[in-house]
Amino acid sequence: MSRTVMRYVKHVITHVPEGGVTAELFCTAHGCGQSSGPQGDPDDAQDWALRHTGRTGHDVFRREYTDHARVTRCE
């Protein structure tokens, strides 16, 4: 019979700045289906939403942000 020794090590997850952030806004108005598309600058996605609201009157959006993360040991 073999035995296994388990060692639990604390880790932390952090944002990787050089990976950047991608933002995308989706219009939630019934039947609209338009989105800003993935934007490397979150301000560009917000600007799209402001223009979309001005053109259509649609005023509710779902926001999605993605970034890169790194897991490292706390030791």
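FYI, the numbering just counts along the sequence from 1. Just so it is clear, the values below take in all heavy atoms, side chains as well, and ignore hydrogens, waters and symmetry mates.
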Other than Met6, which residues form its hydrophobic cluster under the rule that side-chain heavy atoms must be closer than 4.5 Å? Tyr8
Only counting residues at least two apart or in another chain, list the ones meeting side-chain hydrogen bond (donor to acceptor under 3.5 Å, both in side chains) with Asp67. His15
If you group Ile, Leu, Val, Met, Phe, Trp and Tyr whenever their side-chain heavy atoms sit less than 4.5 Å apart, what else falls in with Trp48? Leu25, Phe61
Contacts of Glu24 that satisfy side chain to side chain contact (heavy atoms under 4.5 Å, CB included) - sequence neighbours left out: Phe26, Ser35, Ser36, Pro38
Tyr65: hydrophobic cluster co-members (side-chain, 4.5 Å): Val21
Atom of Asp44, atom of Gln39 and distance for their closest heavy-atom approach: CB-OE1, 3.6 Å
Residues which pass side-chain hydrogen bond (donor to acceptor under 3.5 Å, both in side chains) with Glu64, listed by chain and number, not counting sequence neighbours: Arg62
All salt bridge (charged side-chain N to carboxylate O under 4.0 Å, His left out) counterparts of Arg55, not counting sequence neighbours: none
Listed by chain and number, what are the side-chain hydrogen bond (donor to acceptor under 3.5 Å, both in side chains) partners of Thr56, not counting sequence neighbours? His58
Residues two or more places apart in sequence or in another chain: which of them pass side chain to side chain contact (heavy atoms under 4.5 Å, CB included) with Arg3? none
Please go through Leu50's hydrophobic cluster and name the other residues, only I, L, V, M, F, W, Y counting, with side-chain heavy atoms under 4.5 Å joining them. none
Minimum heavy-atom separation for His52 to Cys27, with atom names? NE2-SG, 3.4 Å
Under the rule for side chain to side chain contact (heavy atoms under 4.5 Å, CB included), what residues qualify as partners of His11, not counting sequence neighbours? Val9, Val71, Arg73
